[in-house]
Trainee: 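One structure, as structure tokens, below. Some questions next.
From a predicted model like this one, the values you see are computed outputs, not experimental measurements. Convention: sequence-line order gives letters A, B, ...; per-chain numbering from 1. Below, each value reflects all heavy atoms present in this structure, side chains not excepted, and no hydrogens, waters or symmetry copies.
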Amino acid sequence: MNAIYGLDRLRSRKEHYLTVEGDVLEHCDICVIGSGAAGAVLAKKLCDFSKSVVLLERGGYFEGEDMNQRDEDMIPLLWKNCAANFTSDLRIAISQGSCLGGSTVINDAVCFPLPDIVRRQWRDLGVKISDEEWTRATSEVSDSIHIAAVREDELSSNSLMFRKGCELMGYSKHHPNSRNCFNCMQCGLCHLGCHYETKQDMRVTYIHKALNNPTSIIKIYCNCKAERITYSGDIISEVEGSFVDSSGNIRYKMRVNAQLVIVAAGSIASTELLLKSSIANGKAGKGLALHPVPFVLGDFPFEIKGIQGIPMAYALHDFGVTNGVENGGFLVEGIFLPPLQLSLLLPVSGGHHEELMLRYNHYAMAGVLVRDGSNGEISLNDLGLPRVDYSLKQKELESIARGVEVISRIWFKLGASRIVTPHMARPILENPDEIPELISAIKNDPRGMLLGSAHPQGGNRMGNDPKTCVVDSNCRVYGFRNLFVCDASVFPTALGSIRS
Amino acid sequence: MKDGSSIPAKFSNLSQHSYYGITGRIRDENNLPVEGCIVQAFDKDLGIFLNPDDPLGKAITDEEGAFEIIFDKADFEDWFEGSPDVYLKVWDQDGKILVITDEKENNTHKMDFQIKLGKGTTNPIEPDLYASNLSRMILAFNATFNIESLSNSDIRTVAEVLFRAVNSWVIYRDELASYAGYDGIQVPSHPRRVEHYHVTRWDKPVLPIEE
């Protein structure tokens, strides 16, 4: 019987749920590792083709009613490593989900189509996917997750401030985002899971459909971390894993014998699994991009209450790949964060930190989404845990500096009394004349910045050269007949925009 | 005023007049808009018989589930209160009550209610999923800092910044919520144990920028 399995003794759940009580051994056609944007779509479509599927998910199973809108409760339940997911120098906080539905449960639900420039660049790098295939797949997913543009009456105060700023500064390409949200309740807390199930994440769309299709044969194991893929020659034989409870204790073991294995655990975790299994050594982990984001807050003399409404509803495209910028570039996004996350990106501490937090309702906020080069690398440290090394190069620093300047000028133009920057050495600006000092700090002391990242991409590059690429254009891992990697880790370059 | 017949030009002028504006949308359990719901706003008053709640205005949702109610100071003002404690009641076309929102004092003159019909199922013996979450979070952050070389003063600085941010949240969050006026939480702390309606209510500040 199709079911979700997990360690907790859950009772009133919408899907059929069973508690795991001992070690598990499964046989199936296909084992999918990871239930996020890629894994869930794959699992459902494979069920449609009458394959028996076992889906492994490291995180837990949570429904709308479990989302209690409190940072300190939901981040440990839904976010990978309780949001303590950083690059090795702690400068970039990487947001990823670890729960049934993956990062789609904690994202802002913003969707852009794949920019034409990126399609062309990937083709030049050896990705053999035709325009027809892209278009067909994209429109199928778009329909399933109900992508629609944000309406005028849905723009929050923060979005309205940002829009007004773009108009006053004379920018030409700015508009509301499209989101996979169906009649959004506008609670502003997308990052903490959608209590109302209006956000069309993987759990309420593809996973729900897979479980409730009477011809599906699917078992979803939550709280189950895949640890090793074993193989003989070029054939994968088994996936080994453990059921890990919320205290970090290993309770039971998991083994899946599958005809075919698809790794869809997201950037970083997919590479971690390959490296631990001694697969694609020397190739896996190279070429990670992060879309680093500096945030800039404007502190205004009047209340804005940026948390009231859709957090990421409006974007400025003048400087980005979506406006024809071939190399690098950036988007500027209006965005607001719940209090704990906002507190993590303030570049100050102690009493100054508290003083800034008390101005929470007076902030307008925006971020710079930088289309970076593939500057990062994932490896395993001595404890066997993944380590992300990443450095900003000249191109990224130029984009960050330019984008931070754009936002700072917008907030001052609208009447901000001061700006809170992403730089620890220059955290506050009192007037626009101080902007050049901030730009100088960014370019000369990049390690003074605290940045966010919501889009780790790459690490298991797709392409037609087996010596440098991990997977081919069909996502098959070079050197294996029945192993695939299919998630954002296969992107050859950064996208530059957002795809949920 | 109660039937919305003389609606002022722009909501943004509301606080300069004595008008208050309520907007909202109603969707059903499948997120589809619900047409024909009757929505009435009330000002909650102390006492029940001698001081019944003031009705502030009524509207019917359109094909997009949207409604709009405008009311005036005169509709609620009495000796005790200068600002209304607003709540909504929603009925279906047959007169069956669907939602009663919590009351909350409004002084921004502008409110928005997003409502989703239906209540979640409750079960008192559901496990407490949130127990020890905060300590898990602090341990996860602490472990991250220990793994990296903290003899590198560069990293230690950042570690301190981040750790203090998490710590300050633990210490200050209730203060921050009340002093900073954070009103983002609109569901119970244990939603599966407490029956509740699904309402997002925003008392929206009027922005001094032209809209």
Trainee: Give, for atom CG of B:Leu139 and atom SG of A:Cys82, the distance between the pair rounded to the nearest 0.5 Å.
Mentor: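 The distance works out to 8.5 Å.
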Trainee: Can you establish whether the number of heavy atoms outside B:Asp102 located under 6.0 Å from its atom CG is more than 12?
Mentor: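 Result for CG/B:Asp102: open.
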Trainee: Which answer fits B:Pro188, side chain, backbone, both or neither, if we ask what part of it has an atom under 4.5 Å from a heavy atom of chain A?
Mentor: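 Backbone of B:Pro188 only, per the 4.5 Å heavy-atom cut-off to chain A.
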Trainee: What closest approach, in Å, do B:Trp202 and A:Cys187 show between heavy atoms, and which atom pair accounts for it?
Mentor: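 Smallest interatomic distance, heavy atoms only, reads CZ2-O, 3.3 Å.
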Trainee: Examine whether an atom of A:Asn81 lies under 4.5 Å from a heavy atom of chain B, and if so say whether it belongs to the side chain, the backbone or both; otherwise answer neither.
Mentor: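 It is both, since atoms from each part get that close.
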Trainee: Please classify the contact of A:Ile307 with chain B as side chain, backbone, both or neither, using a heavy-atom distance under 4.5 Å.
Mentor: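 When you check distances to chain B, atoms from both the backbone and side chain of A:Ile307 fall under 4.5 Å.
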Trainee: Counting distance only, does the side-chain N/O of A:Arg11 pair as donor-acceptor with the main-chain N or O of B:Ile125 below 3.5 Å?
Mentor: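 Yes, the answer is positive, given that a donor and an acceptor are paired below the 3.5 Å cut-off.
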Trainee: Hey, what do you get for CE (B:Met137) to CD1 (A:Ile75), rounding to the nearest 0.5 Å?
Mentor: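 So the gap between those two atoms works out to 4.5 Å.
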Trainee: How about A:Leu10 and B:Pro127: do any of their side-chain heavy atoms sit closer than 4.5 Å?
Mentor: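 Of all side-chain heavy-atom pairs linking B:Pro127 with A:Leu10, at least one is under 4.5 Å.
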Trainee: Give a yes or no on whether the backbone of B:Gln114 and the side-chain of A:Gln186 come within a donor-acceptor separation of less than 3.5 Å.
Mentor: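 No; judged by distance alone, with no hydrogens or angles, the pair does not exist.
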Trainee: Evaluate side chain to side chain contact (heavy atoms under 4.5 Å, CB included) for B:Leu207 paired with A:Ile304, printing each intermediate quantity in order.
Mentor: CA-CA 7 Å; B:Leu207 297 177; A:Ile304 296 167; 4.2 Å; yes
Trainee: Would you mind checking which part of A:Leu414 comes under 4.5 Å of any heavy atom in chain B, side chain (CB onward), backbone (N, CA, C, O), both or neither?
Mentor: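 Answer is side chain: those atoms of A:Leu414 sit under 4.5 Å from chain B.
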Trainee: Hey, is the main chain of B:Asp203 close enough, under 3.5 Å, to the side chain of A:Gln308 for a donor-acceptor pair?
Mentor: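 Answer holds: yes.
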Trainee: So how far is it from B:Thr200 OG1 to A:His195 NE2, rounded to the nearest 0.5 Å?
Mentor: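 It is 9.0 Å, given to the nearest 0.5 Å.
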Trainee: Any side-chain heavy-atom pair from A:Phe182 and B:Leu32 closer than 4.5 angstrom?
Mentor: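 In short, these two side chains touch, coming nearer than 4.5 Å.
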Trainee: With chain B as the partner, which of A:Met74, A:Lys14, A:Arg359, A:Glu63 has the greatest number of non-hydrogen pairs under 4.5 Å?
Mentor: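 Looking at each option in turn, the highest pair count goes to A:Glu63.
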Trainee: Any carboxylate oxygen within less than 4.0 angstrom of a Lys/Arg side-chain nitrogen, looking at A:Glu154 and B:Arg25?
Mentor: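 Result for this pair is no, no salt bridge flagged.
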Trainee: To the nearest 0.5 Å, how far apart are CZ in B:Arg136 and OG in A:Ser246?
Mentor: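 Between atom CZ of B:Arg136 and atom OG of A:Ser246 there are 5.0 Å.
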Trainee: Supply the atom-to-atom distance A:Glu197 CD to B:Lys116 NZ, rounded to the nearest 0.5 angstrom.
Mentor: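 That separation rounds to 6.0 Å.
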Trainee: Given 3.5 Å as the limit, does a donor-acceptor pair link the side chain of B:Tyr130 with the main chain of A:Asp66, or not?
Mentor: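 Between the backbone of A:Asp66 and the side chain of B:Tyr130 there is a qualifying donor-acceptor contact (under 3.5 Å).
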Trainee: Just by distance, do the side chain of A:Asn183 and the backbone of B:Asn31 share a donor-acceptor pair under 3.5 Å?
Mentor: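 Here the side-chain-to-backbone pair exists.
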Trainee: Just so I understand: if I count every heavy-atom pair under 4.5 Å between each of A:Arg70, A:His362, A:His146, A:Met424 and chain B, which residue has the most?
Mentor: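 If we count pairs closer than 4.5 Å to chain B, A:Arg70 comes out on top.
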Trainee: Report which part of A:Tyr196 has an atom under 4.5 Å of a heavy atom belonging to chain B: side chain, backbone, both, or neither.
Mentor: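 Both backbone and side chain.
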Trainee: Given a strict heavy-atom distance threshold of 4.5 Å, which part of A:Leu450 is in contact with chain B: side chain, backbone, both, or neither?
Mentor: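 Just its side chain gets close to chain B.
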Trainee: Going from CG on B:Asp112 to CG on A:Asp153, what distance comes out if it is rounded to the nearest 0.5 angstrom?
Mentor: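 So the CG of B:Asp112 and the CG of A:Asp153 are separated by 8.0 Å.
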Trainee: For A:Asn249, does the CG atom sit with more than 12 other heavy atoms under 6.0 Å from it, leaving out its own atoms?
Mentor: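 Correct, the count exceeds 12.
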Trainee: What do the steps show when you test B:Leu129 against A:Phe62 for side chain to side chain contact (heavy atoms under 4.5 Å, CB included), and what is the final call?
Mentor: CA-CA 10 Å; B:Leu129 301 171; A:Phe62 304 103; 4.0 Å; yes
Trainee: For the residue pair A:Arg13 and B:Arg192, establish whether any side-chain heavy-atom pair is separated by less than 4.5 Å.
Mentor: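 They are in contact (side-chain heavy atoms under 4.5 Å apart), so the answer is yes.
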Trainee: Select, from A:Lys305, A:Arg9, A:Met185, the one with the greatest count of heavy-atom pairs under 4.5 Å involving chain B.
Mentor: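 Option with the greatest count: A:Met185.
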Trainee: Which of the residues B:Ile185, B:Asn123, B:Val199 is involved in the greatest number of heavy-atom pairs with chain A at under 4.5 angstrom?
Mentor: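 Maximum pair count with chain A is reached by B:Ile185.
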Trainee: Looking at A:Lys413, I want to see if its NZ is surrounded by more than 12 non-hydrogen atoms of other residues, nucleotides or ligands under 6.0 Å.
Mentor: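 Atom NZ in A:Lys413 is not crowded, with 12 or fewer foreign heavy atoms closer than 6.0 Å.
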Trainee: Only counting residues at least two apart or in another chain, list the ones meeting ring pair (Phe, Tyr, Trp, His ring centres under 6.0 Å) with A:Tyr363.
Mentor: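 Here no residue qualifies.
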Trainee: Let me see the working for A:Glu65 and B:His198 under side chain to side chain contact (heavy atoms under 4.5 Å, CB included), right down to the final yes or no.
Mentor: CA-CA 10 Å; A:Glu65 285 298 315; B:His198 288 141; 2.7 Å; yes
Trainee: Assess whether side chain to side chain contact (heavy atoms under 4.5 Å, CB included) is satisfied between B:Val187 and A:Met67, documenting all intermediate values.
Mentor: CA-CA 9 Å; B:Val187 303; A:Met67 318 299 189; over 6 Å; no
Trainee: Are any of the side-chain nitrogens in A:Glu303 or B:Lys204 under 4.0 Å away from the carboxylate oxygens of its partner?
Mentor: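 Answer for the salt bridge query: no.
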